[in-house]
Amino acid sequence: MLDIKLIRENPELVKKGIESKKEPSRVDEILKLDEERRKLVFETDELKAKRNAGSQEVGKVKKAGGDAAALMAEVKAIGEKISENDSRLRELDAELDGILMYIPNLPHQSVPLGSSAEDNVEVRRWLPEGFSFENTEPVLDHTTIGKKLNILDFERGTKLSGSGFPLYKGKGATLERALINFMLDYHLANHGYSEIFPPFLVNRDSMKGTGQIPKMEDDMYAIEKDGLYPIPTAEVPITNIYRDEIVAEKELPIKYVGYSACFRREAGSYGKESKGFLRVHQFNKVEMVKFVKPEISYDELEKLVNDAEDILKELQIPYRVLMLCTGDLSFSAAKCYDIEAWSPAEQKWLEISSCSNFENFQARRANIKYRREDNKKTEFLHTLNGSGLATSRLMVSLLETNQTPEGKIIVPKALQKYTGFSIID
RNA sequence: GGAGAGGUGGGUGAGUGGCUGAAACCAACGGUUUGCUAAACCGUCGUAGGGGGUUAACCUCUACCGAGGGUUCGAAUCCCUCCCUCUCCGCCA
């Protein structure tokens, strides 16, 4: 959520930012509602002051044994006007909030202008030694090799739950589990995070806090009976850990890493790019979340991306890092880097990580503040998060880049102590 | 799932219709004292919104005692609905 004061004081700047994200700017509507609201608040507060004084007077008169009937009638009339105003105020607040909840975060000034993924900027790429984009030997795509080696069973996954619910079997299941453990251990040992194992179902307030609701409501699964939502990412429970809290400055930065299964409806995306692991309703992800002071959040974003990249280097998987342009930036993000891994069979890059700085956008929604040591004042902190990494798309790259000409899979060195085997055949 | 108890400021906890935004104590912070630490003493010690202001300090008003409604001139205090926590029983990994 944006600061209403920012919108009030810099409407043009805000409009420009929203439009660069290709979102509808309803700034003028907001300004109008805000002005009406402030006027009404002022008027109503004055009435309330009057009522408070009046009813105190009633008390005094009654205590002295006098007749307060006339005064009581007068105060009652004020009270009626107040409740009228209050109900109008509630309407205004709801209306204003309704619009504000749909206003996206503003892009940081370093974000390139652009309208779609075409305009994203590649900032660097990393390739293992001896790597070539040309496939000298034929490479089986992940669904084919997965079936051949009996480690992935998409058909039976579909039988169990529907399309997009992958079933891992045998060494495939072990490999998936090894990846998760390796990534968690690596971040814990090398990057200074502490581990969280969050709930996979959260309430509506949590979904609002990180911005999935209301805008992306249709992409979320919902358990209506209990008012709970299966999380689309561990970002939701982990960021909401500090919802409605004020943390001490000396606690910052707080860096958490956690595994969760992720559930996404992916409404309306059937067909295109949905083969195998490319788009699924349930996948596994290790997520990094940071709570930091505003002045260091952009340095922390760079470190966050590096932390994610380290995993790919360890696994010897070719990747590139993109800086998203304004038009491709997600709703809550001020700046975002995507990491894409190479898929030899698809002959294209697959997004496997997204590292974002939300500045105080989520903190404002979720009401997460910190108290400064110097002036004891509270202010919203900055939140960041990044996948480190998502396993399903990573599995695509892994099964394809580590394939032998005979169709066996060599388990990357870094994973072998987690799998207990070095080859899948 | 059944029965009962309870939700007050960072914590403990008082407050059952009128100077109570809320006693007291603890914690925290600032200071005095002290060779240092401790103790003692003094002071500060919620959040949000509006208005004013040399837009900073500050002044002022309003709201908030789990959430939302209601009764009343006036609600932390009375009524209704919901949420949550705890205890016992049942069930279960």
Side-chain angles (χ1 to χ4, degrees), chain A residues 1-11 30-101 197 199-209 213 222-229 237 240-252 254 261 360 363-381:
Chain A
M1 179 135 51
L2 290 183
D3 187 357
I4 183 74
K5 283 181 193 152
L6 178 75
I7 301 176
R8 201 183 285 157
E9 282 155 25
N10 304 286
I30 293 172
L31 290 176
K32 219 179 121 211
L33 285 170
D34 177 53
E35 195 176 328
E36 192 186 340
R37 184 186 160 273
R38 273 156 66 208
K39 238 170 103 182
L40 197 58
V41 165
F42 181 72
E43 196 184 297
T44 309
D45 279 357
E46 287 202 320
L47 287 175
K48 283 179 180 168
K50 231 186 228 174
R51 178 185 62 184
N52 290 347
S55 42
Q56 242 170 52
E57 192 57 31
V58 169
K60 277 186 202 157
V61 170
K62 279 192 161 183
K63 207 170 240 173
D67 177 17
L71 192 52
M72 275 161 68
E74 195 182 310
V75 177
K76 186 170 187 164
I78 296 174
E80 275 156 15
K81 178 72 182 148
I82 289 172
S83 39
E84 239 172 75
N85 283 8
D86 273 343
S87 56
R88 172 68 189 139
L89 209 50
R90 270 197 294 275
E91 280 172 30
L92 276 176
D93 278 338
E95 211 176 324
L96 198 54
D97 240 40
I99 300 175
L100 277 172
M101 289 294 269
F197 203 122
F200 292 179
L201 302 181
V202 297
N203 59 29
R204 193 172 174 85
D205 284 343
S206 296
M207 293 292 269
K208 273 191 184 170
I213 279 179
I223 301 170
E224 277 175 38
K225 194 174 174 189
D226 301 290
L228 292 172
Y229 298 81
N240 276 283
I241 287 174
Y242 292 105
R243 172 155 48 84
D244 292 321
E245 291 194 27
I246 299 168
V247 303
E249 181 177 339
K250 61 173 188 282
E251 306 282 332
L252 300 179
I254 296 169
N360 67 21
R364 197 176 285 283
R365 283 188 166 224
N367 191 26
I368 308 172
K369 297 183 167 178
Y370 76 105
R371 193 177 299 281
R372 294 198 78 98
E373 301 265 343
D374 47 15
N375 58 11
K376 307 291 176 213
K377 293 244 161 107
T378 61
E379 73 183 39
F380 292 109
L381 47 71

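Labels below follow one simple rule: chain letters A, B, ... track the order of the sequence lines, proteins then strands, and each chain is numbered from 1. As the structure is a prediction and not an experimental result, all values here were calculated from the model.
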Taken to the nearest 0.5 Å, the spacing of A:M101 CE from A:K208 NZ works out to 5.0 Å
Using atom P in both nucleotides, what's the gap between B:G31 and B:U87 to the nearest angstrom? 44 Å
From CD of A:E57 over to P of B:U72, roughly how many Å is that when rounded to an integer? 22 Å
Could you tell me whether the side chain of A:N52 has a donor or acceptor atom within less than 3.5 Å of a complementary atom in the base of B:G74? no
Need the pair for B:A48. Rule: Watson-Crick or G-U wobble, both distances under 3.5 Å, any strand; none if unpaired. B:U62
How long is the span from the OH atom in A:Y229 to the CG atom in A:N203, to the nearest 0.5 Å? 9.0 Å
Between CG of A:L92 and P of B:G50 the distance, given in whole Å, is 14 Å
Does A:E36 pair with A:R88 as a salt bridge, N-O distance under 4.0 Å? yes
Between P of B:U62 and CD of A:E46, the distance in whole Å: 10 Å
Between the CG atom in A:L2 and the CG atom in A:N10, the distance rounded to the nearest 0.5 Å is 11.5 Å
Residue A:E35 excluded, over 12 heavy atoms near CD under 6.0 Å: no
Spacing between A:E36 atom CD and B:G50 atom P, to the nearest angstrom: 15 Å
Spacing of the C1' atoms in B:G18 and B:U81 (rounded, Å): 28 Å
Let's test this: given Watson-Crick or G-U wobble pairing with both distances under 3.5 Å, identify the partner of B:C29. B:G43
Of the candidates B:U47, B:C73, B:C61, the side chain of A:M72 sits closest to B:C73
Paired with B:C88 by Watson-Crick or G-U wobble geometry, both distances under 3.5 Å: which nucleotide is it? B:G2
Span that lies between the P atom of B:C78 and that of B:C65, in whole angstrom: 14 Å
Contact class for A:K62 (heavy atom, under 4.0 Å): base, sugar-phosphate, or nothing? base
Nearest-nucleotide comparison on RNA chain B, the residue closer to the 5′ end among A:I246 and A:S55: A:S55
Who pairs with B:G21 - Watson-Crick or G-U, where each distance is under 3.5 Å: none
For the C1' atoms, the ones on B:U77 and on B:G17, what distance do you get once it is rounded to whole angstrom? 7 Å
Contact class for A:V58 vs. all strands (heavy atom < 4.0 Å): base, sugar-phosphate, or nothing? base
Between CG of A:D3 and P of B:G49 the distance, given in whole Å, is 8 Å
Please determine if a side-chain N or O atom of A:R51 lies less than 4.0 Å away from the OP1 or OP2 oxygen of B:C73. no
Residue matched to B:A67 through Watson-Crick or wobble contacts both under 3.5 angstrom: B:U81
Within the pair A:R371 and B:A28, is there a side-chain N or O less than 4.0 Å away from OP1 or OP2? no
Which part of the nucleic acid, if any, lies within contact of A:T378, taking any heavy atom under 4.0 Å across all strands shown: a base, the sugar-phosphate backbone alone, or nothing? sugar-phosphate
Specify the separation, in whole Å, of atom CG of A:L47 and atom P of B:C73. 17 Å
Going from CE on A:M72 to CG on A:D67, what distance comes out if it is rounded to the nearest 0.5 angstrom? 9.0 Å
Side-chain heavy-atom pair A:K369, A:L381 within 4.5 angstrom cut-off: no
A:K5 vs A:A73, nearer the 5' end of RNA chain B by closest nucleotide: A:K5
Interatomic distance at C1', B:U8 relative to B:G2, whole Å: 30 Å
Measuring only the C1' atom in each nucleotide, how far is B:G43 from B:U47? A whole number of Å is fine. 23 Å
Interatomic distance at P, B:U12 relative to B:G7, whole Å: 12 Å
A:E224 atom CD, neighbour heavy-atom count above 12 within 6.0 Å: no
Starting from P on B:G49, measure out to CZ on A:F42 and report it in whole angstrom. 18 Å
Using a 4.0 Å heavy-atom cut-off across all strands, classify A:R8 as base, sugar-phosphate, or nothing. sugar-phosphate
Now, which nucleotide makes the Watson-Crick or G-U wobble pair with B:A75, with each of the two distances under 3.5 Å? none
Select one nucleotide: of B:G49, B:C61, B:G69, the one nearest the side-chain heavy atoms of A:A49. B:C61
Nearest whole Å is fine: how far is B:U72 P from A:I82 CD1? 15 Å
For A:K377 and B:A57, is the shortest distance between a side-chain N/O and OP1 or OP2 below 4.0 Å? yes
Gap in Å between the two C1' atoms, one belonging to B:A63 and one to B:G74, rounded: 16 Å
